[in-house]
Amino acid sequence: MVLAMKSFIKSMMGKAIKQIVLDAIQKILEESQSQKENIYLQISLQQLELLKIKGL
């Protein structure tokens, strides 16, 4: 019984750790996507500014 409980606890801890890691990876991916979108927005704004300077 004690061994079964230890095995169960170890299994649950392993699943919890995996979920924490997956959650962290998901957050990193979301932040990366946000940064990518911000970069594209900055480029677009710079292109608009260049057009404005050129008088187009």
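The analysis underlying the following values was restricted to heavy atoms, covering all of them including side chains, and did not include hydrogens, waters or symmetry mates.
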Just checking, any donor-acceptor pair under 3.5 angstrom between side chains of Gln26 and Glu30?
-> yes
Applying side-chain hydrogen bond (donor to acceptor under 3.5 Å, both in side chains) between Gln33 and each of Glu31, Glu37, Lys36, report the one that passes.
-> Glu37
Please report, to 0.1 Å, the donor-acceptor pairs under 3.5 Å made by any side chain of residues 41-54, with sequence neighbours excluded.
from, atom 1, to, atom 2, distance (Å)
Ser44, OG, Tyr40, O, 3.1

Flag, side chain of Ser11 to backbone of Ser7, donor-acceptor distance under 3.5 Å = no
